[in-house]
Amino acid sequence: MLTPQPIALKGAPGSPYTRKMLAVLRYRRLPYRLLTTQMAEQLGLPKPVVELLPTFYLANAQGQLEAITDSTPLIRRFDQAIAPRQVQPGHPVLRLIDSLLEDFADEWETKAMFHYRWHFAADADKASSILPLQSRGICMPPAQASQAKSQFSQRQIDRLAVVGSNPVTSPVIEAAYERLLGLLDAHFQARPFLLGARPGACDFAMYGQLTQLARFDPTPSALTARLAPRVTAWTGVMEDLSGLEPGDADWLKPDQLPPTLLALLREVARCYLPLLLANARALQAGAAQVEAVIDGQTWRQPTVNYQGKCLRWLRQEYASLRGDNKALVDDIFAHCGCTPLTHT
C-alpha cells in the first residue's frame, strides 16, 4: 500500500541511493516531496529501524505511515502497485539479469564511490565541506559547519576498511572502475540503456553511483570525463526521463543479448561474484571477516549481512525460472562466468 501522493521521502544529493530513487520517481511520473533530515525531524515523521537514505514514508495496511528504506524492494513495491512505466522487465530472464546488474551497481560500484570520495584528500575535503550542509541545513553557522565537516570526514574515512578499501585493494577498485567505464562506453554507443531502449532498475542503480563518481567527486569525475565522456553525458540524461515514452518492444530480446552486455556480466563475475560468494560462506561459518581473491589480490572486509540477503534473493529469482527460461539463463551465465551464482 502506498501513501497518498505526493510520496514523501527523506534524502540528500550526496546519497547515490537517493538519486537512484528520485530518478525512478521522475521516470515513473510519480509526484513526490523530498525532505532533508532537518525537515523530517521537524515534521516528527517515524524513524526507520536502520537510518538509511533515502527513507520513504509509506502507508501500511492500517493506513499508518511507516519509515521504509532499501531501494531494491521499494522499486518492486512501486512496480506492483502502479502499472504504467514499470522499471523491471516483464520477461523473467531479462528481469533476473536486471536484478543482478542492479545488485552489482548497488553493492560493488558503491565501493568505488566510497573509495574515491574518502581515499583522496581533495575528494574528502569537498564532500565533508558540502554534504553536512545539504543534510543538516544551509544556514548552519560557520563554526558549527566546521565542526560538522571534521566529524563527518573522520567518521567516513574510518569506514573505508568496512567497504574493503585499503592499500592492497585500492588498485583493484580503481582498475575495476576504469574497466567499467570502457564497458559502459562501448555499450552506450549502440543502446541508450543497459537493457535496450528503456531503463531498468539496473540503469537507475548505475546512475545513482555515477551521480557521485562522474559528477561530484573531483578525482573520479575528471577520470570519467577523460576516459568516457559518453558515460558522463549518460548520467546527465538519466537525471530526468519523464519525457521518455517506453514500450514493451524497447527491451532487449533475452535470446539476443549484445556482446557489450555479456561483457558487463563477465565483469560482474570477475569482481563482484567472488566477494558475494565469499561473504555468504563467511556468514554461514559465523566469521566476522570475509576473505576473497579478486583479480589476484586478497580482499578482506567485515561480513555484510545485507549482501547475504542479496545473494539469497538472486538465487530465489533464479529458482523460480522454468523450462526454456532456465535453460537460457544457464547458457548466458555459463558463457559469462556467472554460473556459481546459481549454486546453493
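As a basis for the values below, the full set of heavy atoms in this structure was taken, side chains included, without hydrogen atoms, waters or symmetry mates.
In this model, a donor atom of one side chain and an acceptor atom of the other lie less than 3.5 Å apart for Thr110 and Tyr17. No donor-acceptor contact under 3.5 angstrom links the side chains of Tyr116 and Ser221, judged on distance only.
Using a 4.0 Å cut-off between charged nitrogen and carboxylate oxygen, Asp295 and Arg270 count as a salt-bridge pair. Under a 4.0 Å N-O distance rule, the pair Arg76/Glu102 qualifies as a salt bridge. Look at Glu41 and Arg136 and you find a salt bridge, because one of the NZ, NE, NH1 or NH2 atoms lies within 4.0 Å of a carboxylate O, short of that distance.
The environment of CD in Gln284 is sparse: at most 12 heavy-atom neighbours from other residues, nucleotides or ligands sit within 6.0 Å. The environment of CG in Asp324 is sparse: at most 12 heavy-atom neighbours from other residues, nucleotides or ligands sit within 6.0 Å. Within a 6.0 Å radius of CG in Asp158, other residues, nucleotides and ligands contribute more than 12 heavy atoms.
The cationic atom of Arg198 (NZ for Lys, CZ for Arg) does not lie both less than 6.0 Å from the six-membered ring centre of Phe193 and within 45° of the ring axis.
Annotation: side chain of Ile332 is not in contact with side chain of Pro254 (no heavy-atom distance under 4.5 Å). Looking at heavy atoms from C-beta onward, His187 lies in side-chain contact with Leu261 at the 4.5 angstrom threshold.
Phe333 pairs by the ring pair (Phe, Tyr, Trp, His ring centres under 6.0 Å) definition with nothing, not counting sequence neighbours.
Taking the six-membered ring for Trp and thresholds of 30 and 60 degrees, Trp299 and Trp108 have ring planes inclined between 30 and 60 degrees apart. Between Phe114 and Trp118, the ring-plane angle classifies as tilted under the 30° and 60° cut-offs. Using a 30° and 60° split on the angle between ring planes, Tyr306 and Trp313 fall in the perpendicular class, above 60°.
Annotation: the span from Leu30 atom CG to Ile82 atom CD1 amounts to 4.5 Å, rounded to 0.5 Å. Rounding to the nearest 0.5 Å places CG of Asp240 at 11.0 Å from CG of Leu25. The distance from the CD1 atom of Ile75 to the NZ atom of Lys20 is 4.5 Å, given to the nearest 0.5 Å.
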May I have the step-by-step check of side-chain contact (heavy atoms from CB on, under 4.5 Å) for Leu223 and Glu174, ending in yes or no? CA-CA 10 Å; Leu223 180 68; Glu174 293 170 22; over 6 Å; no

